[in-house]
Every structure is written in C-alpha cells, then in structure tokens.
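Here's the structure we're looking at; comments come further down.
Both counts, for ligands and for their atoms, begin at 1 and track the order of listing. This is a predicted model, so every value here is computed, not measured.
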Amino acid sequence: MLRQSSLVVVANRLPLDDNVAPDGACEWRRSPGGLAGALHAILEQTPATWVGWAGGTGQARDLPDIGTLRLRPVPLSEEELRGYYEGFANSTLWPLYHDAVEQPVFDREWWLAYRAVNRRFAEAAAEVAEPGATVWVQDYHLQLVPQLLRELRPDVRIGFFLHVPFPPPELFMQLPRRVELLRGMLGADLVGFQRPQAAHNVAQLAAKLLGAHGADDAIILDDRVVRTGAFPVSIDVAEMRTLNARPYVVNQAHQLRHDLGAHKRVLLSVDRLDYTKGIEHRLTAYSELLRDGRIKVRDTVMVQVAVPSREQVESYRGLRDRIEREVGRINGEYGRVGEPAIHYLNQPFDRADLAALYQTADVMVVTPLRDGMNLVAKEFVAARRDDSGALVLSEFAGAAAELSDAFLVNPHDVDGLKETLLQALAAAPEDLATRMKAMRDHITSHDIHAWARAYLTALEQSQALVP
Ligand code: ADP
Ligand code: F6P
C-alpha cells in the first residue's frame with residue numbers, strides 16, 4: 001500500500017545506519033556533515049517521509065520506519081554513483097560553489113547521470129507526497145528536483161535549501177548547464193540560502209539568463225513569484241547541553257585533558273577531510289609557529305580530527321596524502337618521545353566523544369577557505385560548560401556573520417593566521433568570557449528549531465503570494 005506524507009524531505013543521503021539490525025530495525029546515523037545534523041533535530045519527532053539514497057549501489061530494498069520517519073530509498077547504479085554523486089555533484093558543483101578553490105571538472109556524461117538521478121528523486125517525491133503536501137528539497141545534489149517535481153505535482157508546495165554557498169555570477173557562468181541548473185532550482189516556491197549575498201547572486205543570474213525580473217527576495221519568472229532569502233542553518237543547542245552534562249562526557253573530557261598534558265594549551269580542529277576546510281593552510285601556520293619558536297611542543301599541542309569523506313574522488317585522495325605527509329613531517333621535526341606536535345585522527349566520532357573533545361580545547365581552530373555555514377564552530381560554542389575557550393574562525397565561513405565575537409581570520413593570509421592563533425592563545429580570561437557569552441547567546445536564540453520554523457513559515461506564506 002502506498003503511504004503518503006504531508007511533509008516530505010528530499011536529500012541525497014538517507015540518515016540511516018548502513019547495517020539494519022537483525023530484527024529489521026533502523027537507527028538514525030549522523031553521518032559526518034552539516035545536513036544530517038540539521039535535519040536530525042527537526043525530523044526526529046515529526047511524521048514525515050525522507051526520500052534519499054541509502055548508500056551502496058543496485059536495487060533499493062524496503063526500509064523500516066525510524067520512529068515517525070518513513071524512508072523512501074532511491075537506488076543508484078554504480079555508473080550513476082560515479083556520474084551523479086562523485087562526478088557532477090562533487091567534482092563539478094562542489095568546487096565551483098566553493099570559490100573554485102579546487103578546479104571544477106566539466107564532463108558531459110556526468111551531466112546526463114545528474115539529470116537522470118534528479119528525475120528519479122523527483123518521481124519518488126511525487127509518489128510519497130500527499131495532495132497539497134510540503135516537499136523540502138535539500139542541497140546542490142538535487143538542484144533540478146524543484147522544477148521536475150513541479151511538472152509532476154503542481155499541487156505541492158516546494159521548498160529548496162542550499163546548504164553550501166551560491167557562487168558569484170562570474171563563476172556560475174562557467175557552468176555548461178547553467179540555464180537548466182538555475183531554472184531547476186527556481187522551480188521551488190521558496191529558495192533558501194545561508195547568506196543574503198547568495199540570493200542577490202541568484203536574482204542577478206535569473207535576470208541575465210532567464211529574463212526574470214523582481215528583487216533579491218522575490219524573483220518573477222514566467223508567471224510565478226519565487227521567494228528567496230537567507231536562513232542561516234544552526235545546531236541543536238539543547239541536545240548539546242544534555243550531552244555536556246552526561247557523566248561520560250565530563251569524564252572523557254578530563255581523561256583527554258590528562259592524556260594530552262594537564263598543563264598544555266590544546267588547539268583543536270574538527271573537519272570532514274575536504275579541501276574547502278583549509279586544513280593545509282592551518283598546518284602551515286602551526287608548523288611555522290613551531291619553527292619560529294613562538295610555540296613549543298612542551299606546552300602546546302594540536303588535535304586535528306579529519307574524518308574521511310568522498311574518498312572515491314581523486315582530489316580528496318590527493319588531499320589526504322598531502323595532509324598525512326605534512327602531519328608526519330611536523331611530528332618528525334618538532335615532536336618528542338611521547339609528545340607529538342599533532343594528534344591526527346582520521347576517523348568518525350560519536351556525538352559524546354566530539355562533545356568531550358570540544359570541552360577539552362583551549363582554542364578551536366576553524367579555518368575553511370569557503371564554507372556555507374560550518375556547524376562545527378557553533379557546536380564548539382554550545383559544548384562549552386563555562387566561559388573559557390577561544391574560537392578562531394575564518395571570515396569565509398557563513399558562521400562568521402553570526403559569530404562575530406570569534407577571533408576572525410583570513411586563512412589565506414598565513415602570517416595573519418599565525419598572529420591570530422597567538423592572540424587567541426594569549427587572550428585574557430575576561431576577554432574570552434565576553435566573547436563566549438555573546439556567541440552562546442546568539443546560538444541559543446538561533447538554534448536549529450528557529451531555523452526550521454523560520455524556513456517553513458516563509459515557505460507556507462510563499463505560495464499564498466503566487467498569482
Ligand atoms: P560540512 O557540512 O561541510 O561537513 P559542517 O561543519 O557544517 O561541515 O558540519 C560537519 C558536521 O559533521 C558537524 O555536525 C560535525 O559534528 C560532524 N563531524 C565532523 N567531524 C566528525 C567526525 N570525525 N565524526 C563524526 N562527526 C563529525
Ligand atoms: O553540507 C554539505 C554536504 O554536502 C551535505 O549535503 C552532506 O551531508 C555533507 O556535506 C557530507 O557530504 P557527503 O554526503 O558527500 O558525505
């Protein structure tokens with residue numbers, strides 16, 4: 001029997017463990033990445049259907065519900081996985097949308113796979129949406145889905161949210177399929193971004209490429225009004241506070257502190273192993289501070305968590321090799337027996353262990369070259385049990401617009417980054433407390449629930465405005 005929902009989320013990945021338990025039960029799996037974390041908080045207790053890829057290739061099997069959430073898997077063949085996910089999504093759009101910090105690759109075969117898979121997602125969403133449902137499509141993997149879905153189901157309300165940056169027009173114009181991609185996304189009733197600049201870029205492109213008119217927050221295209229706006233995504237602050245108070249987390253933080261050296265200053269970074277995260281720039285800055293004798297391994301240590309990501313994509317494999325070589329070099333040159341300069345952890349952590357790490361850090365170093373938001377920065381603030389701790393944050397992360405009390409830095413400027421790290425290490429406790437309180441106040445009032453409310457309310461109102 002076909003089961004339909006009034007709320008349908010469409011996102012590349014389903015949030016489930018690869019291994020379904022022997023009794024057939026499924027559990028949420030918070031795969032590393034901002035999107036899964038953001039939606040976890042909202043959908044945990046809301047009746048809805050999530051349309052997405054269950055991992056792997058071949059036929060999709062039926063999946064049991066996770067609480068009130070139904071799962072509608074979308075199968076991918078091996079060829080589609082390569083063309084759609086590894087290819088067009090992660091080797092064309094991802095680098096291009098992140099300021100082309102890595103060269104985007106344009107391959108005509110990948111586009112065909114991307115279009116075919118987007119159509120399959122749109123068809124699956126059309127099938128499980130009840131009449132008049134709200135369908136919320138997520139991220140750059142599925143940019144054609146809004147328009148395809150509108151053609152299949154004109155009765156549903158369609159939202160699209162882009163978790164990553166939307167590039168400046170001159171970069172977007174490089175895309176061979178720019179018209180289809182723009183039109184696809186503008187098939188939604190409301191298109192949400194992390195930053196207002198993205199909505200401005202899209203309005204300019206819609207005028208130039210599609211002959212649309214209107215304003216940054218309302219694009220008039222053909223006979224429709226497409227609302228656009230900035231809705232900065234956030235984290236589940238309440239979940240983090242509950243974690244903070246768990247005895248396991250408190251004990252684990254004490255243990256980590258003991259293991260790292262009770263007297264040492266701890267610099268921490270937590271990233272997906274991705275070239276947008278500025279890991280190499282950060283290692284250069286840290287290594288030069290050691291070289292210049294401005295910090296010493298006897299009183300400072302760095303912990304770099306870099307969880308494996310998109311390992312089938314060549315540029316990610318190359319990055320991992322370079323990082324691991326550099327960590328080895330730094331430890332070889334500056335470490336002492338039992339006292340490495342850097343602890344490098346290329347592995348996933350569960351939420352409790354991440355919270356303990358955040359609590360242990362003196363300075364959290366978040367230096368992406370470009371990032372839609374960066375939830376790690378917000379998680380660090382939420383994880384602190386007191387007002388201590390410094391956040392060094394790239395100006396090029398979406399989070400910098402909200403966390404302006406962090407030590408903001410341009411990660412391309414290695415000298416500036418070095419000075420900022422020293423400044424954060426030397427900051428007076430009163431200065432840190434003022435900064436931390438302001439950042440905590442902000443994320444408390446702008447948590448993930450506020451984000452979902454703001455977006456879904458705007459989506460509800462947007463369709464009423466369609467002539
Ligand atoms: P992105 O979406 O580009 O990965 P974000 O900083 O917005 O970047 O989100 C990363 C998410 O992945 C955070 O919720 C963070 O806690 C999680 N994460 C990062 N590293 C790990 C890890 N080693 N194990 C588990 N989760 C991780
Ligand atoms: O936030 C950007 C994003 O692409 C998310 O859509 C995704 O959940 C995360 O990064 C991790 O990427 P992937 O699903 O490719 O492992």
Side-chain angles (χ1 to χ4, degrees), residues 9-15 18 28-41 50 52-55 76 81 84-91 93-95 97-98 137-143 160-166 193-194 232-237 239-240 243 268-279 303-313 315-316 343-358 364-383 391 393-394 396-400 402-403 448 451:
V9 164
V10 191
N12 173 54
R13 243 181 229 286
L14 284 173
D18 287 339
W28 274 95
R29 183 174 71 120
R30 294 278 293 264
S31 58
L35 188 151
L39 295 178
H40 175 262
W50 184 317
W53 169 54
L76 294 182
L81 183 63
Y84 149 75
Y85 172 74
E86 291 161 14
F88 200 81
N90 285 318
S91 301
L93 293 181
W94 178 269
Y97 281 17
H98 289 85
V137 184
Q138 312 285 326
D139 233 354
Y140 61 100
H141 313 87
L142 301 175
Q143 214 174 298
F160 179 81
F161 187 80
L162 188 70
H163 290 255
V164 301
F166 189 89
F193 301 101
Q194 306 279 20
V233 74
S234 194
I235 58 162
D236 191 347
V237 176
E239 182 216 29
M240 195 55 107
L243 266 184
L268 171 68
S269 292
V270 175
D271 310 275
R272 266 188 314 102
L273 208 163
D274 193 298
Y275 50 78
T276 60
K277 302 292 180 183
I279 302 172
V303 178
Q304 171 68 66
V305 176
V307 63
S309 184
R310 305 175 191 163
E311 294 207 295
Q312 302 314 314
V313 179
S315 48
Y316 286 73
H343 293 267
Y344 168 72
L345 300 154
N346 181 232
Q347 50 192 275
F349 282 83
D350 69 24
R351 307 295 303 159
D353 289 314
L354 275 181
L357 272 168
Y358 291 139
M364 182 81 207
V365 191
V366 182
T367 54
L369 306 177
R370 176 60 72 191
D371 210 328
M373 173 51 62
N374 197 290
L375 294 180
V376 163
K378 293 185 174 180
E379 287 171 359
F380 169 70
V381 172
L391 173 63
L393 178 60
S394 165
F396 303 113
E402 296 175 82
L403 304 180
I448 191 64
W451 171 71

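Put simply, the side chain of P308 reaches to within 4.5 Å of the side chain of N346, judged on heavy atoms. Here the side chains of Y140 and N90 are in contact, with some heavy-atom distance below 4.5 Å. The side-chain heavy atoms of H141 and R13, taken from C-beta on, include no pair separated by under 4.5 Å. Counting heavy atoms from C-beta on, the side chains of M364 and L391 come closer than 4.5 Å. The shortest distance between side-chain heavy atoms of M240 and K378 does not fall below 4.5 Å. For the pair Y358 and V376, the minimum side-chain heavy-atom distance is below 4.5 Å. Inter-residue side-chain proximity for L93 and F88 is flagged as met; some heavy-atom pair is nearer than 4.5 Å. Annotation: side chain of D274 is in contact with side chain of W94 (closest heavy-atom distance under 4.5 Å).
Atoms of ligand 1 lying under 4.0 Å from at least one heavy atom of R272, given by number and element, are 1 (P), 3 (O), 4 (O). For ligand 2 and W94, the ligand atoms under 4.0 Å from any heavy atom of the residue are 2 (C), 4 (O). Short contacts between ligand 1 and L375, defined as distances under 4.0 Å to a heavy atom of the residue, involve ligand atoms 5 (P), 6 (O), 7 (O). Of all the atoms in ligand 2, the ones that sit under 4.0 Å from a non-hydrogen atom of Y140 are 4 (O). Close approach of ligand 1 to V376 is summarised as follows: ligand atoms under 4.0 Å from at least one heavy atom of the residue are 6 (O), 15 (C). Counting atoms of ligand 1 from 1 in the listed order, those under 4.0 Å from a heavy atom of N374 are 6 (O), 7 (O).
The N/O atoms of D271, backbone and side chain alike, include none that comes under 3.5 Å of an N/O atom in ligand 1. Residue V307 has no nitrogen or oxygen atom sitting less than 3.5 Å from a nitrogen or oxygen atom of ligand 1, judged on distance alone. By the 3.5 Å distance cut-off applied to N or O atoms, N12 is not counted among the residues near ligand 2.
With sequence neighbours left out, Y316 forms a ring-ring contact (aromatic ring centres under 6.0 Å, His included) with Y275. Residues passing the side chain to side chain contact (heavy atoms under 4.5 Å, CB included) test with S269, sequence neighbours excluded: D271, R282, M302, Q304, V365.
Residue-ligand proximity: R272 is placed with a non-hydrogen atom under 4.0 Å from ligand 2. Under the 4.0 angstrom criterion for non-hydrogen atoms, M373 is not in contact with ligand 1. For the ligand labelled ligand 2, residue H141 lies inside the 4.0 Å heavy-atom shell.
Selection from V233, L354, V164 by nearest heavy atom to atom 27 (C) of ligand 1 gives L354. With distances taken over non-hydrogen atoms, the option nearest atom 3 (C) of ligand 2 out of E311, R13, H163, R310 is R310. Of the listed residues (K378, E379, K277), the one carrying the non-hydrogen atom nearest atom 1 (P) of ligand 1 is K277. Taking each of D139, V233, N90, L39 in turn, the one with a heavy atom nearest to atom 5 (C) of ligand 2 proves to be D139.
If you look at R351 next to ligand 1, the close heavy atoms, those under 4.0 Å, all belong to the side chain. By the criterion of a heavy-atom distance under 4.0 Å, the side chain of V270, and not its backbone, is placed next to ligand 1. Looking at Q138 against ligand 2, nothing comes within 4.0 Å, counting heavy atoms. Proximity of V305 to ligand 1, defined as any heavy-atom pair under 4.0 Å, is confined to the side chain (atoms from C-beta onward).
Under a 3.5 Å cut-off, the side chain of S91 and the backbone N or O of E86 do form a donor-acceptor pair.
For the residue pair N374 and A397, the shortest heavy atom distance occurs at CB-CB, 4.2 Å.
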